[in-house]
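Reading through the C-alpha cells given below for one structure.
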Amino acid sequence: MSQEALDVYIVPTADAHNSEYIAPHWACREKLTGFTGSAGTAVVTQQEALLWTDSRYWLQAEEQLRESGFSLMKDGTEGVPSPEEWIAEHCGTVARIGAPADMAVNLAGGLTICSGKDAFSEIWTDRPTLPAEPIVTQDEQWTGMTIQEKLGALKRVLEEQKVATDDVFVINDLSDTAWLLNLRGTDVAYNPVFLSYLAYHSATGKFQLYTHSSTLTPEAQQRLQEAGVEALPYEEVSRLASLPHLRVCQETACWGMWPAGVGTFHSPVEMWRAVKSEAEQEGMRRAMLQDGVAMVKFLRWLDERMEKEEEVTELSIDEKLTALRAEQEDFEQLSFGTIAAYGRHGAIVHYEADERSSVRIPAHGLLLLDSGGQYHSGTTDLTRTIAMGHLTQEEREVYTLVMKGHLRLEHMKFPVGTTGLQLDTAARQDLWARGYDFGHGTGHGVGAHGCVHEGPHQIRKDVRTCTLVPFCEGMMVTDEPGVYVTGRFGVRIENTLLCRKAEETPYGKFLEFEVLTLCPYDLRAIDRSLLTPEELEQINAYHERVRKAIMPLLTDDDDRIWLARATAAVDSELD
C-alpha cells in the first residue's frame with residue numbers, strides 16, 4: 001500500500017464472475033483474515049483492519065478473528081456503517097483506494113478505485129493457480145432445451161438491446177454460461193460450473209466461449225461446434241476490452257476488468273434459469289429420491305450409533321452422510337459444505353466442523369444438520385434438526401414453532417405475482433408471536449444441477465430487489481425458517497419447494513408449492529400441544545409421501561423398518 005500510495009485496500013469475497021463460492025485462487029480474504037465464511041469484505045488502512053460480514057457468520061467470525069488484528073463489523077446492525085461509509089468517514093471521500101481488478105468490487109457513495117493492482121500476486125507466494133477441470137455435457141434429458149434453442153432466444157433479446165451493428169455482449173456469470181451451453185464443470189467447489197466468459201458478436205451473429213478449452217471433453221467440443229460456438233483460451237477475454245462497442249452485463253460484471261464508461265446490458269438468463277422446464281423439474285425429483293435414500297440410511301445409522309452409545313462426532317456425521325450420498329447412482333459432489341452442528345454450534349448459522357472444533361454428540365440436546373448434493377439430474381438442499389436424547393422445554397418449544405412456520409409456508413396458496421417479501425410473514429408469524437426471529441432469509445432459489453443458491457427471487461423479510469420478484473410457475477425455492485439461541489442451540493428445518501399452478505378463480509390465477517424434498521422430520525422434538533390438528537395432518541400426509549417414494553428403493557430390511565417407524569402417522573389427540 002505504501003508503494004502504491006494507497007490509503008485503503010479492499011479485499012472482497014469475490015472472483016471475476018461475482019460468484020458466491022470461489023475457486024481457491026481467489027480466496028484472498030480468507031488468506032488475509034483467517035475467516036472462512038463464504039461472505040465478507042476486508043478493509044485495510046495503514047492503521048486499522050476490519051471485516052464486514054452478515055448475521056449468519058457473526059459468531060464464527062468472532063472466533064476466527066480472535067488475535068488476527070481484524071475487528072469485526074456486524075453488517076446490517078443498527079449503527080454499523082457500510083464499508084463505504086466507514087471509508088468516507090475515516091479516510092475521506094477522496095481516499096486512494098485499491099482492490100484486485102479481477103475481484104468484483106462495486107463501491108457506492110461516490111468512492112472510486114484508483115488501483116486495480118492485485119497485491120496477492122506478490123504477497124501470496126504459494127497462491128493456487130486458476131482451476132482447469134474437465135468440462136462435460138449435461139444430459140439433455142434433464143435440460144429440456146438444446147444449446148441452439150437457448151442461444152437463439154438469447155440472441156433475439158440481445159439484438160433488441162444493441163445500439164451499434166458491431167456491439168459485443170459479454171456474459172460473465174458462470175451459472176449463466178453453464179446453463180446456456182448445457183455444460184457442467186467442477187472448477188468451483190460445490191458448484192457444477194467452469195471458468196468462462198460467453199461473448200456475442202452482433203456483427204457476425206456468432207458466440208465465443210472463453211474458457212480452458214483444453215479440458216473440454218470430445219462430446220462437449222462436438223456440442224459447441226454443432227451450435228456454432230467458438231472456444232478460445234480463458235485469458236484472451238481481456239482482448240475484448242479494446243473493442244469500441246463492448247457491453248458487459250449490468251447485474252454481474254466485474255467492473256475493474258473493463259475500461260471506464262463501458263456499455264452495459266441486462267441479461268435475461270438468471271430469470272430463465274429460475275423458471276425450470278418440465279425436464280429440469282423431473283431431474284430435480286430424481287435427485288431428491290436419491291438424496292432421500294441417503295438421508296434415510298444416514299438417520300437410521302445415527303439412531304443405532306446413539307442407542308449403542310458408540311462415538312458420534314460432528315465430523316463423523318459429515319463423513320458418513322457424504323459416503324452414503326456417494327453410493328447413489330447420480331451423485332457427483334456435495335452442493336455445499338455440510339453443517340453438522342450440535343448444541344451451541346447450532347446457533348452459528350453457517351458453522352462447519354473441523355478437527356479443532358468438532359465435538360462428540362452426547363445423548364441429549366439438538367443436532368442441526370444442513371446438507372445437500374449435486375447429482376447428474378439435479379441439486380438438493382435440506383435441513384433437519386434432530387433430537388439426540390432428552391430435550392429442554394425451550395428446545396421443544398423452539399423446534400415446534402420453527403416447524404409451524406415451515407409448514408405454514410409450504411402450505412401457502414397465493415395469487416400469481418406474489419413476492420418473497422409477502423410470503424415471508426407466513427414462516428415467521430408464529431415465531432414473532434413468541435418473541436423469536438431469525439436474521440437470514442427464509443428461502444432462496446435452487447439450480448437444476450446448478451448452484452445451490454440462485455436468484456433472482458428470495459423469500460425474506462427485508463426489502464431488496466430479490467424480495468420484490470414475483471413468483472411464477474416453475475420457480476424453485478427453499479423453505480428454511482430457524483431460531484438460534486446464542487451459546488446454547490439452533491433449530492432450522494428446510495425443504496426445497498416447486499412453485500406450481502393451483503387453480504384459477506374469478507379472482508385470478510393462484511399458485512401453490514409442491515414439496516420436492518423427501519426426508520422424514522424428527523417428531524421426537526415436537527411439543528404436540530403447540531400443533532393444530534391440521535398441522536399434524538400435514539405432517540402425516542408428507543410422511544406418507546416420503547414412505548411411498550423411498551420404501552421401494554431400500555434394500556436393507558433394517559432401513560425399511562426404520563423408515564416405517566419414522567413416518568408412522570401421529571394421532572391428532574394428545575395422549
In terms of side-chain heavy atoms, does [X] have a donor or acceptor partner in [Y] at a distance below 3.5 Å?
X    : Y    : result
D173 : T177 : no
W124 : D126 : yes
S357 : Y351 : yes
R29  : T13  : yes
T36  : Q60  : yes
R325 : S371 : yes
T496 : D381 : no
W179 : E280 : yes
E480 : T478 : yes

If you round to the nearest 0.5 Å, how far is [atom2] of [Y] from [atom1] of [X]?
X    : Y    : atom1 : atom2 : value
T383 : L368 : OG1   : CG    : 6.5 Å
H453 : C451 : NE2   : SG    : 10.0 Å
Y521 : I493 : OH    : CD1   : 7.5 Å
F438 : L431 : CZ    : CG    : 6.5 Å
I339 : L367 : CD1   : CG    : 11.5 Å
H449 : T380 : NE2   : OG1   : 11.0 Å

* Hey, what's the ring geometry for Y9 with F120, parallel, tilted or perpendicular (30° and 60° as the breaks)? -> tilted

Q.
For Y234 and H17, take the angle between the two ring planes, folded into 0 to 90°, and tell me which bin it lands in: parallel under 30, tilted 30 to 60, perpendicular over 60.
A. tilted

Residues [X], [Y]: salt bridge by 4.0 Å N-O rule:
X    : Y    : value
K74  : E62  : yes
R428 : D424 : yes
D437 : K461 : yes
K276 : E454 : yes
E122 : K117 : yes

Item checked: Test side chain to side chain donor-acceptor pair (under 3.5 Å) applied to N191 and R184, step by step -> CA-CA 9 Å; N191 294 336; R184 299 294 189 268; over 6 Å; no

message = Before you tell me yes or no, could you show the steps for V402 and Y436 under side-chain contact (heavy atoms from CB on, under 4.5 Å), namely the whole-Å CA-CA distance, both residues' side-chain angles and the distance that decides it to 0.1 Å?
response = CA-CA 10 Å; V402 171; Y436 293 106; over 6 Å; no

>> Using a 6.0 Å cut-off, check whether atom CZ of R344 has over 12 heavy atoms from anything other than its own residue.
In response: no

Q | H350 vs D370, side chain to side chain donor-acceptor pair (under 3.5 Å): CA-CA, chis, key distance, verdict | A | CA-CA 9 Å; H350 277 201; D370 187 351; 5.7 Å; no

